[in-house]
Asks: 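Okay, handing you the structure first.
The sequence lines fix the lettering, A, B, ..., with proteins before strands; numbering per chain opens at 1.
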There are 2 protein chains.
Amino acid sequence: MDSEAFVPLLRASLSQWKQRGKRAVWIKLPIELANLVEPAVKEGFKYHHAEPDYVMLVNWISKSTNSLPKNASHRVGISAFVMNDKREVLVVQEKSGKFKGTGVWKFPTGVVDEGEDISMAAIREVKEETGIDTEFVEILAFRQSHKSFFTKSDLLFVCMLRPRSFDIQKQDTEIEAAQWMPVEEYAEQAFMKRHDSFSSVAKVCLTKSEKEYAGFSPIPRTTASGKTTYLYFNTKDLTQIKIP
Amino acid sequence: MDSEAFVPLLRASLSQWKQRGKRAVWIKLPIELANLVEPAVKEGFKYHHAEPDYVMLVNWISKSTNSLPKNASHRVGISAFVMNDKREVLVVQEKSGKFKGTGVWKFPTGVVDEGEDISMAAIREVKEETGIDTEFVEILAFRQSHKSFFTKSDLLFVCMLRPRSFDIQKQDTEIEAAQWMPVEEYAEQAFMKRHDSFSSVAKVCLTKSEKEYAGFSPIPRTTASGKTTYLYFNTKDLTQIKIP
C-alpha cells in the first residue's frame, strides 16, 4: 500500500473509531511497509515496540488517561549450577564476551527465549553448550540489574539442575572449553573471591551442596484466564503446614 | 534531515564501517525523524526495538554470525502481601481490568518501572494505591506467564512487606476500595479457591504468617562491571554454614 492511499483511509477510520468511543488504535506495520511509518506518525501515532520484522504503533484517541500496558522492560537469563555425585560442577570458558581470555571457569549461562519457561531454558542452554542432559531442580537465587543493554534491565536466575548424562560434548562456536571441576576449586577462583556477586552465588551453591538450602521449585498452576504457568516457591517449608 | 541528504551519507558511512571491520551499525531515530525509517530499511537495516519516542534500527554488516543481544522479552510486576500485627492483610478492589466489578479483594499489584528495583516497586505501588508506608521483607514466590501482551511474557513477584503506617488513603483513579482484611477471610474468598494459582499464593502467604517460611531476601552486591545490584536468595538457610 502506498501512503497516498493509506492516509485518507486512516483518517476516515480514526474519525469513526473516535465516534464509537474506542480508546486506542494499534497499527502493526511489517518492515515491508516501512513507507507507512512516517504517515502514521504524522496522524498522531507513537511507537509502542518493535521486533526485527515489524514496528507496532499506537494512538491513544480517548480523552481519558492513557492506560496502555508498558513495553517489555527486562531480558531474562539463566545461570546453571549442575553438580554430579563426585561434587564436581559443570563449568565452561566462553569464546566471547567479558570473560573471553580471562581463564575464568563459569557456570553455563544463556538468555531465556521469548515464550520459554525459565526451567526449560536452563535445560536447553546446558545441553547446547556442553551436551549434558539434565533435569531441573530449583531456583537458588536471582539477580536484577539495570541498563544492561540500552535502557533495559536483566533478571538472571541461578538454577540448580541434576545431570542425567556425564560425557561433555562442547559447542564449538561459543564455548572455548568445558569440564567437570571440584566445586570447591570453582569457588576458590580468584575472580570469584574478588566479586561479591559471584562469591555470594558460589556460597549459595556450596550451601545447597552441603546442607539444607530451600530454593524455589516450579509448580505448574492454572491462572484465572486458564493458562498453565509455573509458580516458583519454597515447597519445603510449605509442606510443614496444613491449610484448607 | 531529509532522506535525499541522508541516503548518500548513510551509504558512504556503511562502506567505510565495513572496510574497518565493524560488525553492526545502530541508528536511533527519534520520532521526529520518522521520514528516515523507510530509507534506512531500504539500505538493509532492521528494527531492533522501539519506545514511544524513537525507533532503534540495526544492520549486521559482518559476514560472521549475528550475535546481537535480543530485545527485552519480559514485563515484570509485583503483588504485595502486607500484613499487620492483627493478622489483617491490605487488600484492594480495582476500577478496571479483569477483576473490575467482581467483588474480589486482591493484593495491591503493579508494574515494575524501567530501571526500578523490584523491592522499590513494591513499596511504591503499595504507597500509590493505598497510602500505606512499608518496608520490604522478602520475595515469597514468583510466576512466569507467556503471551500476556502481544508476544511478551510476564514475571510476577509476590513480595512480603511490613507496614509502617496503617491509615488507608486510597488512590481514586484506579482503586475502587481498599481495606485491612483478616488473612483467613482473604484466603477463603470463593475466587481464590477456584484458581490454584491464587490459592497457592494465599497458601504461601498463610504459611509465612503462621510458620517458618524462607523466601528470598534482597542483598546488595557489586557486579564484575562495578554496578550495584540486588541478589535475592534464602538468607535464612545460608547463615547455617560457614564458608571461607
Asks: Do the non-hydrogen side-chain atoms of B:E114 and A:K152 ever get within less than 4.5 Å of each other?
Replies: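 A side-chain contact under 4.5 Å exists here.
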Asks: Tell me, side chain or backbone of A:V55 under 4.5 Å from chain B's heavy atoms, or both, or neither?
Replies: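 It is both, since atoms from each part get that close.
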Asks: Of the non-hydrogen atoms in B:S73 and A:V76, which two are nearest, and what is the gap between them?
Replies: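 Heavy atoms only, the tightest pair is OG-N, 4.4 Å.
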Asks: Just wondering, do A:R221 and B:V201 contact through their side chains at under 4.5 Å, heavy atoms?
Replies: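 When only atoms from C-beta onward are counted, A:R221 and B:V201 do not touch, as no gap falls below 4.5 Å.
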Asks: What pairs of residues pass the salt bridge (Lys or Arg N to Asp or Glu O under 4.0 Å) test when at least one of them lies in residues 52-75 of chain B, not counting sequence neighbours?
Replies: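 Of all non-adjacent pairs touching residues 52-75 of chain B, those that pass salt bridge (Lys or Arg N to Asp or Glu O under 4.0 Å) are A:D113-B:K70, B:R75-B:D154.
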Asks: Side chain, backbone, both or neither: which part of A:E174 has a non-hydrogen atom closer than 4.5 Å to chain B?
Replies: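 The answer is neither part of A:E174.
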Asks: Show the atom names and distances, to 0.1 Å, of all donor-acceptor pairs under 3.5 Å that link a side chain in residues 98-107 of chain B to residues at least two apart or in another chain.
Replies:
from	atom 1	to	atom 2	distance (Å)
B:T102	OG1	B:F99	O	2.6
B:T102	OG1	B:V104	N	3.2
B:K106	NZ	B:E94	OE2	2.6
B:K106	NZ	B:T109	OG1	3.0

Asks: Just so I know, are the side chains of B:D237 and A:K208 near enough to count as touching, which here means a heavy-atom distance under 4.5 Å?
Replies: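 Not touching, per the 4.5 Å side-chain cut-off.
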Asks: Can you check whether B:F142 reaches A:I139 side chain to side chain, under 4.5 Å on heavy atoms?
Replies: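 They are in contact (side-chain heavy atoms under 4.5 Å apart), so the answer is yes.
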Asks: If I compare all heavy atoms of B:L155 with all of A:L155, which pair ends up nearest, and what's the gap?
Replies: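 That would be CD1-CD1, 3.7 Å.
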Asks: How about A:N71 and B:H49: do any of their side-chain heavy atoms sit closer than 4.5 Å?
Replies: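 SC-SC contact between A:N71 and B:H49 ruled out.
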Asks: Checking A:L231 against chain B: side chain, backbone, both or neither under 4.5 Å from a heavy atom?
Replies: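 Both the backbone and the side chain of A:L231 come within 4.5 Å of chain B.
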